[in-house]
Amino acid sequence: MDDQEIFAAVGEDGFRRLVAAFYRQVPGDAILGPMYPPDDLAGAEQRLRDFLVGRFGGPPRYMEQRGHPRLRMRHAPFAVDKAARDRWLELMSLALDEAQFPPEVDALLREFFGAVATMMINRQE
Ligand code: HEM
């Protein structure tokens, strides 16, 4: 299954539901809550959603608005240690449970998120 096929299976609406389910959990989270901008959570939600849509072959809105993702650089201001990485993946895992994508898509997205999240670690515990 390639990226285009993932997008065909998930669609704009699937990524919208996934990212909404993730961000719904963020404000109440002890580790992640304080890291995200309280007055621009909707903007943060849109950035992640647009990034994922573009990454998997949908409309390139993220690139148009934000340029090249350079995700490690963009995460540098935030203290991402292993605990933060684990928590991010935990919330995304719950969001994936809720989104109910086909099993093959679900597995590929979990693998993708796991790999990217590990790359974002920029602080020792
Ligand atoms: C490892 C744990 C992670 C933490 C603690 C974390 C935290 C954050 C925070 C605090 C922001 C700023 C919110 C905003 O205003 O946009 C952000 C932005 C973002 N994150 Fe993460 N993140 C993590 C992993 C990931 C992963 C795995 C991805 C992609 C699969 C990702 C994609 C993004 C994107 C696209 C943005 C918006 C960047 C921009 O255009 O400014 N993050 N992240």
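Predicted, not measured: the structure shown is a model, and the values here were computed from it.
- Taking CZ from Arg87 and CG from Asp29, the interatomic distance works out to 4.5 Å, rounded to the nearest 0.5 Å.
- To the nearest 0.5 Å, atoms CG (Leu41) and CD (Glu45) are separated by 8.0 Å.
- Here the closest non-hydrogen pair linking Leu32 and Ala84 is CD2-O, 4.0 Å.
- Rounding to the nearest 0.5 Å places CZ of Phe101 at 5.5 Å from CZ of Arg17.
- Under the ring-ring contact (aromatic ring centres under 6.0 Å, His included) criterion, Phe7 pairs with no residue at all, not counting sequence neighbours.
- The shortest side-chain heavy-atom distance between Arg110 and Asp106 falls under the 4.5 Å cut-off.
- Counting heavy atoms from C-beta outward, Arg47 and Asp40 have side chains that approach closer than 4.5 Å.
- To the nearest 0.5 Å, atoms CE (Met120) and NE2 (His75) are separated by 5.5 Å.
- With hydrogens and angles disregarded, no donor-acceptor distance shorter than 3.5 Å links the side chain of Arg49 to the backbone of Arg16.
- A 6.0 Å sphere centred on CD of Glu111 holds no more than 12 heavy atoms belonging to other residues, nucleotides or ligands.
- To the nearest 0.5 Å, atom CE of residue Met1 and atom CG of residue Asp3 are 10.5 Å apart.
- Of all the heavy atoms in Leu52 and Phe112, the pair that sits closest is CD2-CE2, 3.9 Å.
- Cluster membership check: Val26 shares its hydrophobic cluster with Phe78, using side-chain heavy-atom separations under 4.5 Å among Ile, Leu, Val, Met, Phe, Trp and Tyr.
- When all heavy atoms of Ala76 and Asn122 are compared, the pair lying nearest together is CA-ND2, 3.7 Å.
- Under a hydrophobic-cluster definition in which Ile, Leu, Val, Met, Phe, Trp and Tyr are linked whenever side-chain heavy atoms come within less than 4.5 Å, directly or via other members, Leu71 and Met63 are assigned to different clusters.
- Going from atom OH of Tyr36 over to atom OH of Tyr23 covers 4.5 Å, rounded to the nearest 0.5 Å.
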Output, in order, the C-alpha distance, side-chain angles, deciding distance and verdict of side-chain contact (heavy atoms from CB on, under 4.5 Å) for Ile6 and Arg55. CA-CA 10 Å; Ile6 293 178; Arg55 169 65 183 73; over 6 Å; no
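- Taking the six-membered ring where the residue is Trp, Phe22 and Trp88 present tilted rings, their angle falling between 30° and 60°.
- Cluster annotation: Met119 is connected to Phe51 through the hydrophobic network of ILVMFWY side chains, with a link wherever side-chain heavy atoms come within less than 4.5 Å.
- Evaluation of the salt bridge (charged side-chain N to carboxylate O under 4.0 Å, His left out) test over residues 62-82, restricted to residues two or more places apart or in two chains, returns Lys82-Asp86.
- The backbone N or O of Leu89 sits nowhere less than 3.5 Å from a side-chain atom of Ser93 that would complete a donor-acceptor pair.
- Side-chain contact check for Leu48 versus Met92: some heavy-atom pair is nearer than 4.5 Å.
- Judged by distance alone, with hydrogens and angles left aside, the side-chain atoms of Gln25 form a donor-acceptor pair with the main-chain N or O of Ala21 at under 3.5 Å.
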